[in-house]
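Read the structure below first, then the notes.
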Amino acid sequence: PRNPYPGAPASYPSVPSQIFDNPEIFSKLGTDALFFIFYYSQGTYQQYLAAKELKKQSWRYHKKYMTWFQRHEEPKVTTDEYEQGTYVYFDYETGWCQRLKADFRFEYSFLEDSLS
């Protein structure tokens, strides 16, 4: 771990299990676990795998707000630059939960789309 806690018992694991190097494991995890891995394993292969699985589940990462959005319904407006409608987003800052955002304009320029 990056910041090991000095009071943790020596019998506790000190490195992540190698099972988390297997991409297939990520398809079995719930969204809360995927969000946790994404936000708390920054810069790791596991963060990449969590992001890839979230994307498979129709979540999209917004680069400006640095959080994940998913359509709640089909957009009310769609243009070449954005779509607007109601979205579910993951609130990692104040509630660690999913919230609804009505009438949200998702500008495609803020869409992280580099994962394959």
Side-chain angles (χ1 to χ4, degrees):
R2 280 185 231 136
N3 298 309
Y5 179 68
S11 61
Y12 283 11
S14 60
V15 294
S17 171
Q18 289 185 348
I19 197 168
F20 291 106
D21 292 337
N22 181 350
E24 293 174 18
I25 289 299
F26 287 77
S27 66
K28 298 176 182 179
L29 298 176
T31 52
D32 282 341
L34 293 169
F35 287 133
F36 182 84
I37 293 167
F38 179 81
Y39 285 106
Y40 284 93
S41 296
Q42 297 170 351
T44 65
Y45 181 54
Q46 289 74 24
Q47 182 188 37
Y48 166 79
L49 292 175
K52 197 168 178 177
E53 184 59 32
L54 286 164
K55 190 170 178 183
K56 280 185 194 174
Q57 296 177 17
S58 299
W59 288 92
R60 299 295 177 255
Y61 189 73
H62 194 289
K63 295 185 284 188
K64 179 179 177 182
Y65 297 117
M66 297 187 306
T67 196
W68 292 87
F69 284 80
Q70 187 181 59
R71 287 178 179 167
H72 182 66
E73 59 191 16
E74 285 300 309
K76 305 240 185 282
V77 178
T78 303
T79 72
D80 289 340
E81 289 85 31
Y82 68 89
E83 59 187 49
Q84 191 165 336
T86 302
Y87 290 81
V88 176
Y89 72 96
F90 184 71
D91 178 3
Y92 69 96
E93 290 184 304
T94 61
W96 199 262
C97 61
Q98 295 178 26
R99 300 185 189 274
L100 272 182
K101 182 77 171 167
D103 202 35
F104 180 72
R105 178 186 254 185
F106 198 123
E107 296 180 41
Y108 297 136
S109 63
F110 295 120
L111 174 65
E112 175 58 60
D113 205 24
S114 62
L115 294 176
S116 52

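Of the options E73, H72, R99, a side-chain contact (heavy atoms from CB on, under 4.5 Å) to V88 is made by H72 and by none of the others.
Residues F110 and Y82 do not share a hydrophobic cluster, clusters being chains of Ile/Leu/Val/Met/Phe/Trp/Tyr side chains in contact below 4.5 Å. Cluster membership check: L111 does not share its hydrophobic cluster with M66, using side-chain heavy-atom separations under 4.5 Å among Ile, Leu, Val, Met, Phe, Trp and Tyr.
With a 4.5 Å cut-off on side-chain heavy atoms, K55 and K52 do not count as touching. Side chains of R105 and Q84 form a contact here, defined as non-hydrogen atoms less than 4.5 Å apart. With a 4.5 Å cut-off on side-chain heavy atoms, Y65 and Y89 do not count as touching.
Between F104 and F69, the distance separating the two ring centers is shorter than 6.0 angstrom.
Nearest heavy atom pair, residue T67 against residue Y39, reads CA-OH, 3.2 Å. Closest heavy-atom contact between D103 and T86: N-OG1, 4.2 Å. Of all heavy-atom pairs spanning P23 and Y45, the tightest one is CG-OH, 3.6 Å. The two residues A50 and L34 make their nearest non-hydrogen contact at CB-O, 3.6 Å.
In this structure, Q70 contributes its side chain and Q57 its backbone to a donor-acceptor pair below 3.5 Å. For Q46 (side chain) and F20 (main-chain N/O), a donor-acceptor pair under 3.5 Å exists by modelled atom type.
Residues in residues 9-38 take part in no salt bridge (Lys or Arg N to Asp or Glu O under 4.0 Å) pair, two or more places apart or across chains.
L100 CG: more than 12 foreign heavy atoms inside a 6.0 Å radius. Residue-environment remark: NZ (K63) exceeds the threshold of 12 foreign heavy atoms within 6.0 Å.
Taking the six-membered ring for Trp and thresholds of 30 and 60 degrees, F106 and Y87 have ring planes inclined between 30 and 60 degrees apart. The aromatic rings of Y40 and W96 lie tilted to each other, with the angle between the two planes from 30° to 60°.
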Worked check of ring pair (Phe, Tyr, Trp, His ring centres under 6.0 Å) between F90 and W59: CA-CA 10 Å; F90 184 71; W59 288 92; 7.4 Å; no
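A distance of 12.5 Å separates CZ of F38 from CG of L49, quoted to the nearest 0.5 Å. Distance check, rounded to the nearest 0.5 Å: CD1 of I19 to CZ of F26 gives 10.0 Å. Taken to the nearest 0.5 Å, the CG atom of D80 stands 8.5 Å off from the OH atom of Y108.
Ion pairing of K64 with E107 is absent here, as no side-chain N (NZ or NE/NH1/NH2) approaches a carboxylate O to less than 4.0 Å. Using a cutoff of 4.0 Å between basic side-chain nitrogens and carboxylate oxygens, R60 and D113 are not scored as salt-bridged.
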